[in-house]
Amino acid sequence: MQERRDPEDEILRALERASREAFPEVGAEIGRIFAADFSLGTPPPDRDGDYSSNIAFLLKKPVKRSPLEIAREIAARFEGPAVSEAVPPGFINLTLDDEARYAFLAGMDDPRWASRRAKQPSRVNIEFVSANPTGPLHVGHGRGAVIGDVLARLLANAGHDVTREYYLNDVGRQIELLGESLLYKVCEIRGDSRGRFRDEYRGGYIEELAREFLNSRPELFVEETDESLIEEAGRFAKERLFEKIKRTLERLDIRFDVVTSEESLRSGISELLERLDRAGLLYEADRPRNTEARIRREDSKAAVYGEEMSGGTFLETSRFGDDEDRIVKRADGTTTYFTADIVYHIGKFERGFDEVIDIWGADHGGHVKRMRAALEGLGYDTKRFHVILCQMVRLLRDGREVKMSKRSGEMITLDELIDETGKDPIRFYFLMRTPNAPCDFDITLAVKASTENPVFYCQYAHARTCQILARGKRDGLEPSREQRVLTLLADPLEKDLVRFLLRIPDGLAAAARRREVHRLPEIALELARRFHRYQTAGKKNSGLRVVDKERSDLSAARLFLVDRVRRGMKTLLALMGVEAPEQM
RNA sequence: GCGCCCGUAGCUCAGUGGAUAGAGCGUUGGUCUCCGGAACCAAAGGCCGCAGGUUCAAAUCCUGCCGGGCGCGCCA
């Protein structure tokens, strides 16, 4: 195995040296620029050069000369593993020399070839899915699940220590209602029509659970009070439903390091209330202060829940940017979801995480401000708290929307979607779009085996590399990594492929820095596109064929390149959790 | 009314303050004596929602407006 080299890092250091040498009087400024996340760019495709730098523009102000002049001064003093050239209006384009180029390609043997350590590796907690155990996962949960999982992979690739966490809301009114719904169904099955229980949850899974519950408790209803029955039924249902949720996620290759249950936080709640009280952030009232004048829409969804408003203890989140104060303890002494959630988030910081990331559905958008306010009020650094909100998923079939409504029972569960398309299209499509925007998932397209289907397109590129390498082997040709041989890779299509491979580590580092997983499919698609182009060109022009016994040196070089593309694609697919098949 | 998010090619969307704004689909026209054509090439198609501002440089940052999505008591 060859030792890995990071040509970009070498070039950046050489650029810094040359800049200091050319303009020693602004050394401090230069140091600042290079210490930040300053990185190299890519020249337009029709220009020479593997990298480009805009350093001359950034130095224009302190140096007080034209960017082009500055670029020339720096380029003239540049000493590194590349040839540098200053071009108007002031870019410095750099072409890596052969030795560094092939050292990079050989370094791809190292499984960490695409991993570039973040400047400040940190302990990161990513909480995602966290669906309530009151029913099966739906398609929207799948989006958050995939984004959270791949963000974890991406940050780990950048050297961070990542914990995947699921927050289980396993107490409270909804679990009570779940228990009642189960008992309602039990009564129905038994022909008992006394109507003692509410049927909040009605899906087919409730009936299944009710039958299981009856089987395990044939003597049901003999002695118990309704209250203890509801609790037992709730516990029974939530445990089974959470198991089911975990099985669904495992089908997508998603697992968690830690599951924290709301129940386990109970002991921390009184402590939290005392702490908030000591900080002077609590008050008792019938309604939050300063909210009378606020206008609300009557058709607001949450109004449905607003039956009782008997007052209680409020937390002054409005002092820290929230729209109004939030209740943390009801008049009857019970606490709310929000109270437990504060305990939970404080706990994450107390456990030593440097950064806390939550991946929530768009319908939780209103919670961001209050959570941030609560943390700020307690003295935590809210810059270390990030929320990624996932917008809605619209399902399409044959280009038409699949309507989903709970009432009509026309829900497609995540399990059903996996049955239909398999894991890979789901993962890939949900990654393709920024979480900030709603996305469409076209079931018809997801199972198609052609260029139109991006996941197929990438997997096919990988399979194609494997088949070509196998073909070479049958003809007695093996990849070569001798620099003498590799200089034969002179066609523009080959140079373009190499140049693209060179930029992958930086692309991944940038994606990690910005916590943006949707860049991954983009990178994979571009690599696939370049490779397919190269292969089809070889069909047209036999001079570009990879496997050619008549020209064994050239073949060996090209096979090496094909093998590097294979590794590149495999790495990208692995980061996305998508399979890399050797044949389709 | 308030908050968050989104307005980029006919459609779906990329775009890290940099060079002539890019892909896929769709449209039109092409490509193989087949290393997997399950692929590729070319053409057409753009007031980057509108108006200001910051900057050497704005699709990108700031402000205001217009249009769309989601949310807006103590359900989680």
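In what follows, every chain begins at residue 1, and chains take the letters A, B, ... in the order their sequences are listed. Owing to the predicted nature of the structure, the values given are computational and were not obtained by experimental measurement.
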Q: State the dot-bracket string of RNA chain B. Criteria: Watson-Crick or G-U wobble, both atom distances under 3.5 angstrom; notation: ( ) intrastrand, [ ] crossing earlier pairs, | interstrand, . unpaired.
A: (((((((..((((....[...)))).(((((.......))))).....(((((..]....))))))))))))....
Q: What nitrogen or oxygen pairs link the protein and nucleotides 5-9 of chain B at under 3.5 Å?
A:
| from | atom 1 | to | atom 2 | distance (Å) |
| --- | --- | --- | --- | --- |
| B/rC5 | O2' | A/Asn436 | O | 2.4 |

Q: Polar atoms only, N or O, under 3.5 Å: list the protein pairs with nucleotides 22-28 of chain B and their distances.
A:
| from | atom 1 | to | atom 2 | distance (Å) |
| --- | --- | --- | --- | --- |
| B/rA23 | O2' | A/Arg529 | NH2 | 2.5 |

Q: Mind checking what makes side chain to side chain donor-acceptor pair (under 3.5 Å) contact with A/Glu263, not counting sequence neighbours?
A: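 Not a single residue meets the side chain to side chain donor-acceptor pair (under 3.5 Å) criterion with A/Glu263.
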Q: Give every residue pair that meets the ring pair (Phe, Tyr, Trp, His ring centres under 6.0 Å) criterion with at least one member in residues 311-339 of chain A, sequence neighbours excluded.
A: A/Tyr283-A/Phe314
Q: Polar-atom pairs under 3.5 Å, protein N or O versus N or O of nucleotides 32-34 of chain B: list them with distances, or write none.
A:
| from | atom 1 | to | atom 2 | distance (Å) |
| --- | --- | --- | --- | --- |
| B/rC34 | O3' | A/Lys539 | NZ | 3.0 |
| B/rC34 | O2' | A/Lys539 | NZ | 3.1 |

Q: Sort me out a list of protein N/O and nucleotides 55-62 of chain B N/O pairs below 3.5 Å, or just none if empty.
A:
| from | atom 1 | to | atom 2 | distance (Å) |
| --- | --- | --- | --- | --- |
| B/rC56 | O4' | A/Lys60 | NZ | 3.0 |

Q: List the residues meeting side chain to side chain donor-acceptor pair (under 3.5 Å) with A/Arg503, not counting sequence neighbours, and say none if there are none.
A: A/Glu8, A/Thr42, A/Asp506
Q: Kindly write out the residues that satisfy salt bridge (Lys or Arg N to Asp or Glu O under 4.0 Å) with A/Arg564, not counting sequence neighbours, or none if the list is empty.
A: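 Partners of A/Arg564 by the salt bridge (Lys or Arg N to Asp or Glu O under 4.0 Å) criterion, ordered by chain and then number, come out as A/Asp109.
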Q: Can you name the residues that form a side chain to side chain donor-acceptor pair (under 3.5 Å) with A/Glu516, not counting sequence neighbours?
A: A/Arg519
Q: Return each pair, listed once, that meets salt bridge (charged side-chain N to carboxylate O under 4.0 Å, His left out) where at least one residue sits in residues 429-444 of chain A; pairs must be two or more places apart or across chains.
A: A/Arg394-A/Asp440
Q: Who pairs with A/Asp424 by side-chain contact (heavy atoms from CB on, under 4.5 Å), at least two apart in sequence or on another chain?
A: A/Val455, A/Gln459, A/Val578, A/Glu579
